[in-house]
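Notes follow once the structure below has been shown.
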Amino acid sequence: MLTDAWGRAVTDLRISVTKRCNFACVYCHDEGLGPVARPGAPHGEELTVEEVERLVAVGREFGVRSVKFTGGEPLVRGDLEQIVARTVRQVPDVSLTTNGSLLAARAESLRDAGLKRVNVSMDSTDPEQFRAIRHGALRPVLAGVRAAVRVGLTPVKLNLVVFGPTVAGIPKMVDYVRGTDGLKLQLIQFMPELVQHERWAVDLAGVRRWLEEHASQVLVREMHHRRIYRFGPTEVELVDPVRNPEFCANCHRIRVTHRGELKGCLNRNDDLVPTRGLNDDALRGAFRRVITERVPYYGGYITDLGSSSVGLPMVAERTAVEAAAPAGEPDGADGRGERS
Ligand code: SAM
Ligand code: SF4
């Protein structure tokens with residue numbers, strides 16, 4: 001197992017299999033590599049099935065225990081099942097983050113290839129708002145979520161990016177998740193570093209308060225001290241990496257770009273280590289190098305968190321509270337209280 005200078009073992013690999021995407025989300029960071037490419041754009045740069053397989057094999061030698069595929073939109077690749085099948089032979093815990101629009105037709109074949117779980121990005125239950133944010137249609141995404149649950153790619157985690165336009169819809173999303181077996185919800189703080197638009201960031205205090213007031217139970221994860229809000233049988237988690245040194249201190253992930261560069265941190269592009277064309281020994285060296293050079297972004301790379309360049313003007317937190325109230329309380333709001 002390889003551990004960086006900050007004592008963080010690297011156990012997870014997040015591999016971007018393409019830069020292409022059929023959506024055009026307003027906030028997309030695309031792994032920090034600039035705007036996504038259109039689905040039909042030339043893709044000579046993309047990693048081949050064999051290249052992914054070799055990266056995973058070397059990662060496993062160094063202690064990688066889970067692999068997540070991402071993009072761009074990974075399902076624009078027709079050979080994703082092959083990629084999953086070759087990966088799962090080496091690292092059984094293989095999952096995927098997708099916009100869900102192409103998932104309905106392939107959930108079963110992906111499951112058969114060995115995929116274990118899926119995250120589907122879904123920012124709103126309202127088709128118009130969904131389109132305004134993601135520049136794509138909600139209906140096929142809902143079909144994709146249903147198919148994923150049906151074939152057992154569970155728990156299906158829905159990712160909702162928390163920023164100005166999505167805050168008011170959180171209660172409806174919680175209701176949707178509670179009403180469907182096999183779903184969990186991750187509320188992911190909008191990350192402005194790679195896309196600018198700092199004015200879109202919202203203070204999460206109002207969201208947190210709404211969750212605390214409406215959840216039937218609040219649990220605290222040991223790692224990150226992250227809270228899990230239970231709404232009946234389902235769980236809602238708030239992922240808050242921005243200016244959060246504890247988040248970075250617990251980061252065990254390195255990334256691979258669609259061109260095959262190793263990348264130590266989502267927020268940085270000055271740490272890329274190319275791997276294309278390397279023999280196996282040199283590839284091992286590339287892994288060692290990216291891990292040696294790895295630094296926690298907040299607390300290591302950005303040390304002055306009080307006045308750092310990522311300073312975010314906060315939107316008034318009442319945005320969340322006032323907007324949330326009319327959408328109705330999830331059942332069980334009165335039974336809250338248990339914490340651990
Ligand atoms: N296309 C796939 C999708 O949308 O799920 C996978 C790639 S996407 C880059 C991975 C995840 O990052 C998605 O859940 C997306 O919503 C999230 N994301 C993209 N830009 C973001 C940003 N600026 N802040 C927070 N999350 C972001
Ligand atoms: Fe970016 Fe994913 Fe949206 Fe595509 S679907 S634009 S990759 S966040």
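In each ligand, atom 1 is the first atom listed, and ligand 1 is the first ligand listed. Atom set for the values below is all heavy atoms of this structure, side chains included, hydrogens, waters and symmetry mates excluded.
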Give the numbers and elements of all ligand 1 atoms closer than 4.0 Å to a heavy atom of [X].
X: Asn159; result: 14 (O)
X: Val161; result: 16 (O), 25 (C), 26 (N), 27 (C)
X: Phe190; result: 23 (N), 24 (N), 25 (C)
X: Thr98; result: 2 (C), 3 (C), 5 (O)
X: Cys28; result: 20 (N)

So, does [X] use its side chain to make a donor-acceptor pair with the main chain of [Y] at under 3.5 Å?
X: Thr97; Y: Asn119; value: no
X: Glu212; Y: Arg209; value: no
X: Thr257; Y: Glu261; value: yes
X: Gln189; Y: Val242; value: yes

Taking the basic N atoms (NZ, or NE/NH1/NH2) and the acidic carboxylate oxygens, is any pair closer than 4.0 Å for [X] and [Y]?
X: Lys172; Y: Asp175; value: no
X: Arg221; Y: Glu237; value: yes
X: Asp280; Y: Arg54; value: yes
X: Glu81; Y: Arg106; value: yes

- Assess Cys21 for proximity to ligand 1: is some non-hydrogen atom of it under 4.0 Å away? no
- Query: Does Gly72 come within less than 4.0 Å of ligand 1, judged by its heavy atoms?
  - Reply: yes
Identity and separation of the nearest protein heavy atom to [atom]:
atom: atom 8 (S) of ligand 1; value: Thr70 OG1, 4.4 Å
atom: atom 2 (C) of ligand 1; value: Glu73 OE1, 3.5 Å
atom: atom 23 (N) of ligand 1; value: Tyr27 O, 2.9 Å
atom: atom 13 (C) of ligand 1; value: Ser121 OG, 3.2 Å
atom: atom 11 (C) of ligand 1; value: Thr97 CG2, 4.2 Å

- Query: Out of His197, Gln189, His29, whose heavy atom sits nearest atom 27 (C) of ligand 1?
  - Reply: His29
- Message: Polar contacts were defined as any N/O atom of the residue lying under 3.5 Å from an N/O atom of the ligand; does this apply to Arg134 and ligand 1?
- Response: yes
- Message: Looking only at distances, can you tell me whether any N or O atom of Met191, backbone or side chain, sits closer than 3.5 Å to an N or O atom of ligand 1?
- Response: yes
- Message: I'd like to know whether Lys263 forms a side-chain contact (heavy atoms from CB on, under 4.5 Å) with Val256, so could you lay out the CA-CA distance, the side-chain angles of the two residues, the decisive distance to 0.1 Å, and finally the verdict.
- Response: CA-CA 6 Å; Lys263 178 169 159 69; Val256 181; over 6 Å; no
- Given the rule that I, L, V, M, F, W and Y join up when any side-chain heavy atoms are under 4.5 Å apart, are Leu102 and Val36 in one cluster? no
- Query: If we only count heavy atoms from C-beta on, is the Val177 to Leu158 side-chain gap below 4.5 Å?
  - Reply: yes
- Task: Check each of Leu211, Asp240, Val218, Leu219 against Arg227 using the side-chain contact (heavy atoms from CB on, under 4.5 Å) test, and report the only one that passes.
- Result: Val218
- Message: Under the side-chain contact (heavy atoms from CB on, under 4.5 Å) test against Val67, which residue among Thr87, Val84, Ile83 passes?
- Response: Thr87
- Note on the structure: d(Lys68 NZ, Lys116 NZ) to nearest 0.5 Å is 13.5 Å
- Query: How does Asp123 reach ligand 1, by side chain, by backbone, by both or by neither, if only non-hydrogen atoms under 4.0 Å count?
  - Reply: neither
- Item | Proximal protein residues to ligand 2, non-hydrogen atoms under 4.0 angstrom | Cys21, Phe23, Ala24, Cys25, Cys28, Val36, Gly72, Asn99, Arg134
